[in-house]
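Read the structure below first, then the notes.
Keep in mind it's a predicted model, so treat the numbers as computed, not measured. Here is the naming used below: chain letters follow the sequence lines, and residue numbers restart at 1 for every chain.
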Number of protein chains: 2
Amino acid sequence: MTRPIIPDIVVSRLPLYLRAISRMEEEGLEYVSSHELGARLGISAAQIRKDLSQFGEFGKQGTGYHIPFLKKQLIRILKVDRVWDVAVIGAGDVGSALARYQGFQEHGFRVAMLFDSDPAKIGKVINGIEVRDVADMERLIAEGSIQVAMLAVPAEVAQETADKLIAVGVRAILNYAPVNLAVREGIRVEHIDPVIHLQHMTYYLAPR
Amino acid sequence: MTRPIIPDIVVSRLPLYLRAISRMEEEGLEYVSSHELGARLGISAAQIRKDLSQFGEFGKQGTGYHIPFLKKQLIRILKVDRVWDVAVIGAGDVGSALARYQGFQEHGFRVAMLFDSDPAKIGKVINGIEVRDVADMERLIAEGSIQVAMLAVPAEVAQETADKLIAVGVRAILNYAPVNLAVREGIRVEHIDPVIHLQHMTYYLAPR
DNA sequence: GATAATATGAGAAATTTACCACAAAGTCCC
DNA sequence: GGGACTTTGTGGTAAATTTCTCATATTATC
């Protein structure tokens, strides 16, 4: 069984679709057309239909998409019909905020571990999660079979920390450090850096 | 004078180039080839040459790119050869972390204002920045001629807050709220949502 | 039940984006 | 000074992505 390979750019839009229709469900809507969904997201209706049709026939002519059904399908496709345990590395401002964020639980994720190297932080409890010594990180992550990590450490140690994570089984890293991580084939990395986004936007701004 | 329109996808890579060569400069390197830069970023050398050539001839055959010169050019192109005052809306975990982040200053940005609606937070000082009442937001932003904002408010009030920001002159919004903002033509919005990134990555993970 | 209106899924076309290949220019080393 | 390397910028090509178009199906209305 060789499923057709779905372009990554298509996959990258699925979470946006899921977020939008989840909101629509909360609003009490039952059906949505590709046109309405597209209007909310600033994406063409054709694009949405094409994307979704890669995974199956979820819509109905004349009616559109049944929101609870489409939501269920997207959740399944994105594999968030389970809860992924996530390790947060670094308990500074960013790591702490991630540990406290309430938005993970209902979208398929749980901050299961939190690490830092600062003795002053180790042992503290943030949102019910104890800060562990990063020296024990590899052992604990391996024991916990954790596949997903969020990296919120200083730029200087980001690469070496990522290498350690990958060595003990982590396969997806959400990197908050302002460096490009080099990883081997098969490891997923996504980057979050506000400066990158701001600089992208200032290109289009006129000086004032 | 009609400059050729640069594709946005090209512009979106420029901050990555800038970040990478800034790091190379710190490492004491003087010249870099498109091939070396590409290897660091996971981007093809041809892509980098093509992207940069859209803005001028910055390289030299046989030598590559002079790092300080290229850096200067990218800084100019991205308009971060000045410091942009930025307003942060919301002084919760995310807003506070943004106010404390030391990485803005040297990359063209300064958190000039911080707002919240919680009386318990108003008046507090975070990293030298006083938390102001969001009720005064519009007046203060208009007075400060602020064009860039980072939105770190609850999802429920994100759209209305964005509308207010735009009404008083903000033209670029970095949105941390997990909602798609609808904005008029000419307003730049970028989104940061860890859940979106995590869900994108779990698509590729095998259950364990 | 017929007709008009609505909306999907998919093949085809158009557009955008990325890559290749090479001439030209610079460097290095003997 | 000359030959072997290296590297850029670019025109052309290939690949990827988006949009268009339309047959087909469903719903609503009279």
Between N or O atoms, less than 3.5 Å apart, protein on one side and nucleotides 11-15 of chain D on the other: list the pairs.
residue	atom	partner	partner atom	Å
D/dG11	N7	B/Lys50	NZ	3.3
D/dG11	O6	B/Lys50	NZ	3.1
D/dG12	O6	B/Lys50	NZ	3.4

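A/Asp116 and A/Arg132 are not joined by a salt bridge, as no carboxylate oxygen comes within less than 4.0 angstrom of a charged side-chain nitrogen. Note on A/Glu36 versus A/Arg40: no salt bridge recorded, every NZ/NE/NH1/NH2 to OD/OE distance being 4.0 Å or above. Checked for salt-bridge contact, A/Glu30 and A/Lys71 miss the test: no charged N lies under 4.0 Å from a carboxylate O. Between B/Asp51 and B/Arg13 there is a salt bridge, since at least one side-chain N of the basic residue sits less than 4.0 Å from a carboxylate O of the acidic one. A salt bridge is absent between A/Glu26 and A/Arg19; no separation between the charged side-chain nitrogens and carboxylate oxygens falls under 4.0 Å.
Considering only heavy atoms from C-beta on, A/Leu140 comes within 4.5 Å of A/Met113 through its side chain. B/His197 has its side chain within reach of A/Ile192: a pair of non-hydrogen atoms, C-beta onward, lies under 4.5 Å apart. Considering only heavy atoms from C-beta on, A/Ile89 comes within 4.5 Å of A/Val134 through its side chain. Residues B/Leu37 and B/Ile21 are in side-chain contact: their nearest non-hydrogen atoms beyond the backbone lie under 4.5 Å apart.
Of all the residues in residues 51-59 of chain B, not one reaches under 4.0 Å from DNA chain C with any non-hydrogen atom. Against DNA chain C, the stretch residues 23-48 of chain B makes heavy-atom approaches under 4.0 Å through B/Ser44, B/Ala46, B/Gln47. A heavy-atom distance below 4.0 Å to DNA chain C is reached by none of the residues of residues 64-73 of chain B.
Between the side chains of B/Glu190 and A/His200, at least one donor-acceptor pair of N or O atoms lies under 3.5 Å. Of the N and O atoms on the side chains of A/Tyr101 and B/Asp93, not one donor lies less than 3.5 Å from an acceptor on the other residue. Between A/Asn180 and B/Arg23, the side chains place no donor N or O within less than 3.5 Å of an acceptor N or O (distance only, hydrogens not considered). When only modelled atom types and interatomic distance are considered, B/Asp8 and A/Tyr204 share a side-chain donor-acceptor pair under 3.5 Å. Side-chain atoms of A/Asp193 and A/Tyr176 include no donor-acceptor pair closer than 3.5 Å.
Partner of B/Phe115 under the side-chain contact (heavy atoms from CB on, under 4.5 Å) criterion, chosen from B/Val88, B/Val131, B/Ile141: B/Ile141.
Protein chain B contacts DNA chain C from C/dT17 to C/dT27, reading 5' to 3' and using non-hydrogen atoms of the protein with a distance under 4.0 Å.
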statement: Letter by letter from the 5' end, nucleotides 22-30 of chain D scores (B base, S sugar-phosphate only, - none; protein heavy atoms under 4.0 Å) --BBBS---

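Taking the six-membered ring for Trp and thresholds of 30 and 60 degrees, A/Phe109 and A/Phe104 have ring planes more than 60 degrees apart, a perpendicular arrangement. Between A/Tyr203 and B/Phe55, the two ring planes are perpendicular [angle over 60°; tilted spans 30° to 60°].
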